[in-house]
Q: 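So that we are looking at the same thing, I have put the structure below in structure tokens.
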Amino acid sequence: MSTLHIILGPTAVGKSDYAVAEALRVGSPVVSCDSRQFYREMRIGTARPSDAQLAAVRHYFIADRSVTEPCSAGAFELEALALLEQLFRAHDTVVMAGGSGLYIDALCNGLDDFPEADPTLREELSRRLRDEGVAALRTELRILDPASYAVIDPANGQRIVRALEVTIGTGRKYSDWKTHSQKERPFTIVKTGLSRPRPELYARIDARVDAMLEEGLVEEARSLLPHRDLPALNTVGYKELFGYFDGQYDLAEAVRLIKRNTRHYAKKQMTWWGRDPEINWITL
């Protein structure tokens with residue numbers, strides 16, 4: 001049976017280098033599973049693979065759409081499965097690399113079959129999120145769907161919007177749509193998790209942020225200001241600079257926040273994968 005070898009781990013751990021080396025070893029392309037590297041306009045802030053890495057092996061799902069064309073985890077599941085069906089005709093093993101836990105889970109296990117979004121309702125709820133704040137929408141969710149209210153991160157406004165959108169739009173609670181049934185895949189999945197000692201990882205994060213700034217992250221973020229309300233731009237490295245552009249703090253503080261929030265994101269990634277016993281962890 002064909003094998004999908006997934007290289008995962010926290011941001012800045014070294015997934016791209018490891019994945020390219022593994023792809024060269026087995027003669028495979030690299031399928032990216034990073035929910036922000038999809039977008040052409042977000043080159044620097046997403047730590048896209050270098051030109052040398054992209055030239056070494058063929059990559060998929062890198063800069064293949066605009067930020068105005070969002071790719072949800074469910075859409076990625078379908079697109080990636082169709083791509084893998086093609087790739088497995090020529091490759092016994094295909095290498096995948098990424099740090100987006102939800103997207104990796106979607107591909108490996110499948111997502112529940114939620115209904116399509118109602119654009120008008122989503123726009124209204126998103127407007128309320130901006131105008132009224134997340135607390136108001138959480139209060140409404142607590143009334144309409146207490147089970148979802150109890151488990152959704154209170155700070156995750158987009159997830160709260162989605163839960164309300166499904167509940168209001170279908171008349172059926174968001175929590176009732178979640179079946180948690182694992183879908184069968186016609187290939188074997190092997191997961192390799194990369195880790196580093198925390199001080200080393202944090203030093204790499206700080207160094208990466210400094211390198212991004214030297215490469216032009218501030219200018220890239222400024223060019224994306226017209227799209228700042230899109231979900232893709234609710235991303236560490238961009239949202240902190242938007243605050244700087246708004247005059248909330250100076251550039252030095254924005255940089256401090258980017259480094260801090262990237263460390264927090266790395267911790268969340270490790271927490272997410274800590275529940276998966278199928279991952280074979282390697283300390284670099």
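Below, each value reflects all heavy atoms present in this structure, side chains not excepted, and no hydrogens, waters or symmetry copies.
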Q: Is the number of heavy atoms from other residues, nucleotides or ligands within 6.0 Å of CG (Asp131) greater than 12?
A: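 Counting other residues, nucleotides and ligands, CG of Asp131 exceeds 12 neighbours.
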Q: Is there side-chain contact between Phe38 and Tyr103, with at least one heavy-atom pair below 4.5 Å?
A: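 Yes; the side chains approach each other to less than 4.5 Å.
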Q: Treat each ILVMFWY residue as a node, draw an edge where side-chain heavy atoms are under 4.5 Å apart, and state whether Ile258 and Leu225 are in one component.
A: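 They do share one cluster, since a chain of ILVMFWY contacts under 4.5 Å joins Ile258 to Leu225.
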Q: Indicate yes or no for a side-chain donor-acceptor contact from His91 to the backbone of Gly27 under 3.5 Å, with no hydrogens or angles considered.
A: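 Between the backbone of Gly27 and the side chain of His91 there is a qualifying donor-acceptor contact (under 3.5 Å).
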Q: Spell out, yes or no, whether Ile62 and Leu107 are grouped together once hydrophobic residues are joined by side-chain heavy atoms under 4.5 Å, including indirect joins.
A: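 Hydrophobic grouping puts Ile62 apart from Leu107.
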Q: Do Cys108 and Glu278 make a side-chain contact, defined as non-hydrogen atoms from C-beta onward lying under 4.5 Å apart?
A: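 No, side chains not in contact.
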Q: If you define the side chain from C-beta out and look only at heavy atoms, does anything of Met42 sit under 4.5 Å from Leu233?
A: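 Yes, side chains in contact.
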Q: Treating Ser100 as the side-chain partner and Ser35 as the backbone partner, does any N or O pair qualify as donor plus acceptor under 3.5 Å?
A: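 Such a contact is found between Ser100 side chain and Ser35 backbone.
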Q: Do Tyr60 and Ile104 sit in one hydrophobic cluster, given that two such residues count as connected whenever their side-chain heavy atoms are within less than 4.5 Å of each other, even indirectly?
A: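 Tyr60 clusters together with Ile104.
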Q: Within a strict 4.5 Å, meaning less than it, do heavy atoms of the Arg222 and Glu219 side chains meet?
A: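 Counting from C-beta outward, Arg222 and Glu219 never come under 4.5 Å.
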Q: State whether Arg48 and Asp34 are salt-bridged, where the test is any N-O pair (Lys NZ or Arg NE/NH1/NH2 against Asp/Glu carboxylate O) under 4.0 Å.
A: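 A salt bridge is absent here (no side-chain N lies under 4.0 Å from a carboxylate O).
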Q: Any non-hydrogen side-chain atom of Ser195 less than 4.5 Å from a side-chain atom of Thr283?
A: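 Yes; the side chains approach each other to less than 4.5 Å.
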Q: Quick one: does Leu4's side chain get under 4.5 Å of Arg185's, heavy atoms only?
A: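 Contact flag for Leu4/Arg185 side chains = no.
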Q: With side chain to side chain contact (heavy atoms under 4.5 Å, CB included) as the test, would you mind laying out the steps for Val26 and Val94 before giving the verdict?
A: CA-CA 8 Å; Val26 301; Val94 173; over 6 Å; no
Q: If you round to the nearest 0.5 Å, how far is CE of Met212 from CD1 of Ile44?
A: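 Answer rounded to 0.5 Å: 8.5 Å.
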Q: What closest approach, in Å, do Leu284 and Pro197 show between heavy atoms, and which atom pair accounts for it?
A: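 Taking every non-hydrogen atom into account, O-CD, 4.3 Å.
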Q: Can you check whether Gly45's main-chain N or O pairs, donor with acceptor, with Tyr238's side chain at less than 3.5 Å?
A: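 Yes; judged by distance alone, with no hydrogens or angles, the pair exists.
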Q: Heavy atoms only: give me the nearest Pro154-Ile160 pair and the separation to one decimal.
A: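 The answer is O-CD1, 3.9 Å.
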Q: Return the CZ to CG distance between Arg256 and Asp250, rounded to the nearest 0.5 Å.
A: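 The CZ atom of Arg256 sits 10.5 Å away from the CG atom of Asp250.
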Q: What I want to find out is whether Arg127 reaches Glu124 closely enough, with some N-O distance under 4.0 Å, to be called a salt bridge.
A: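 Here Arg127 pairs with Glu124 in a salt bridge, since their nearest N and O are under 4.0 Å apart.
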Q: Parallel under 30°, tilted from 30 to 60°, perpendicular over 60°: which one fits the rings of Phe187 and Phe88?
A: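 Tilted: the ring planes of Phe187 and Phe88 meet at 30° to 60°.
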Q: Take Met96 and Cys33 through the side chain to side chain contact (heavy atoms under 4.5 Å, CB included) test and state the conclusion after the steps.
A: CA-CA 7 Å; Met96 171 174 279; Cys33 187; 3.8 Å; yes
Q: For the backbone of Gln53 and the side chain of Ser50, can you confirm whether one donor and one acceptor N or O come within less than 3.5 Å of each other?
A: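 A pair under 3.5 Å: yes.
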Q: Hey, mind stepping through Val161 and Ser126 against side chain to side chain contact (heavy atoms under 4.5 Å, CB included) and telling me if it holds?
A: CA-CA 7 Å; Val161 164; Ser126 297; 4.2 Å; yes
Q: Does Phe242 share a hydrophobic cluster with Tyr265, counting links as ILVMFWY side-chain heavy atoms below 4.5 Å and allowing steps through other members?
A: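 Phe242 does not cluster with Tyr265.
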Q: Find the distance between CZ (Arg138) and CG (Leu141) and round it off to the nearest 0.5 Å.
A: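 So the gap between those two atoms works out to 8.0 Å.
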Q: Thinking salt bridges, do Arg260 and Glu240 make one under a 4.0 Å N-O criterion?
A: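 A salt bridge is absent here (no side-chain N lies under 4.0 Å from a carboxylate O).
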Q: Checking the side chain of Thr167 only, and the main-chain atoms of Tyr174 only, is there a donor and an acceptor separated by less than 3.5 Å?
A: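 Yes; judged by distance alone, with no hydrogens or angles, the pair exists.
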Q: Does the Glu165 side chain pair with the main chain of Leu125, one donor and one acceptor, at a distance under 3.5 Å?
A: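 Side chain of Glu165 to backbone of Leu125: no pair is present.
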Q: Looking at every non-hydrogen atom in both residues, tell me the closest pair between Val13 and Arg196 and how far apart they are.
A: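 So the two residues come closest at O-NE, 2.7 Å.
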Q: Judged by atom type as modelled, is there a donor-acceptor pair below 3.5 Å linking the side chain of Lys15 to the main-chain atoms of Pro10?
A: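 A pair under 3.5 Å: yes.
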Q: Using 0.5 Å steps for rounding, measure from the CZ atom of Arg228 to the NZ atom of Lys239.
A: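 These two atoms lie 12.5 Å from each other.
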Q: When clusters are formed by joining ILVMFWY residues with side-chain heavy atoms under 4.5 Å apart, either directly or through shared neighbours, do Ile282 and Val190 land in the same one?
A: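 Hydrophobic grouping puts Ile282 apart from Val190.
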Q: If you apply the rule side chain to side chain contact (heavy atoms under 4.5 Å, CB included), what do you find for Arg58 with Leu87, and how did you get there?
A: CA-CA 11 Å; Arg58 173 73 185 273; Leu87 294 179; over 6 Å; no
Q: CG of Leu257 to NE2 of His264: how many Å apart, nearest 0.5 Å?
A: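 Answer for the CG-NE2 pair, Leu257 versus His264, is 10.0 Å.
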Q: Would you verify whether the NZ or CZ of Arg275 falls within 45 degrees of the ring axis of Trp273 while also being under 6.0 Å from that six-membered ring's centre?
A: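 Negative - Arg275 is either too far from the ring of Trp273 or too far off its axis.
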Q: Any side-chain heavy-atom pair from Glu85 and Leu81 closer than 4.5 angstrom?
A: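 A side-chain contact is absent here, since even the closest heavy-atom pair is not under 4.5 Å.
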Q: Could you tell me whether Arg36 sits above the aromatic face of Tyr39, with NZ or CZ closer than 6.0 angstrom to the six-membered ring centre and within 45 degrees of the axis?
A: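 Judged by the rule (NZ or CZ under 6.0 Å from the ring centre, within 45° of its axis), Arg36 is not positioned above Tyr39.
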Q: Taking all non-hydrogen atoms of both residues, which atom of Ala136 and which atom of Glu132 are closest, and how far apart?
A: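 Nearest heavy atoms, Ala136 then Glu132: CB-OE1, 3.6 Å.
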Q: So, does Gln37 use its side chain to make a donor-acceptor pair with the main chain of Thr46 at under 3.5 Å?
A: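 Present.
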Q: Indicate the atoms forming the closest heavy-atom contact of Leu129 with Val134, along with that distance.
A: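 Closest approach of Leu129 to Val134, heavy atoms only: CD1-CA, 3.7 Å.
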Q: Does one side chain, of Thr192 or His5, offer a donor that lies under 3.5 Å from an acceptor on the other?
A: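 Their side chains do contain a donor-acceptor pair, which is all the 3.5 Å distance test asks for.
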Q: Can you find a heavy atom in the side chain of Glu215 that is under 4.5 Å from one in the side chain of Glu220?
A: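 SC-SC contact between Glu215 and Glu220 ruled out.
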Q: Nearest heavy-atom pair of Ile152 and Asn156: which atoms, and what distance?
A: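 Taking Ile152 first and Asn156 second, the nearest heavy atoms are CG2-O, 4.4 Å.
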Q: If you measure from CG on Leu241 to CG on Leu251, what distance do you get to the nearest 0.5 Å?
A: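 So the gap between those two atoms works out to 7.0 Å.
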Q: Count the heavy atoms belonging to other residues, nucleotides or ligands that lie under 6.0 Å from CG of Asp92, then report whether that count exceeds 12.
A: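 No, the 6.0 Å shell around CG holds no more than 12 heavy atoms from other groups.
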Q: Without swapping roles, check the side chain of Gln269 against the backbone of Thr11 for a donor-acceptor pair under 3.5 Å.
A: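 Yes.
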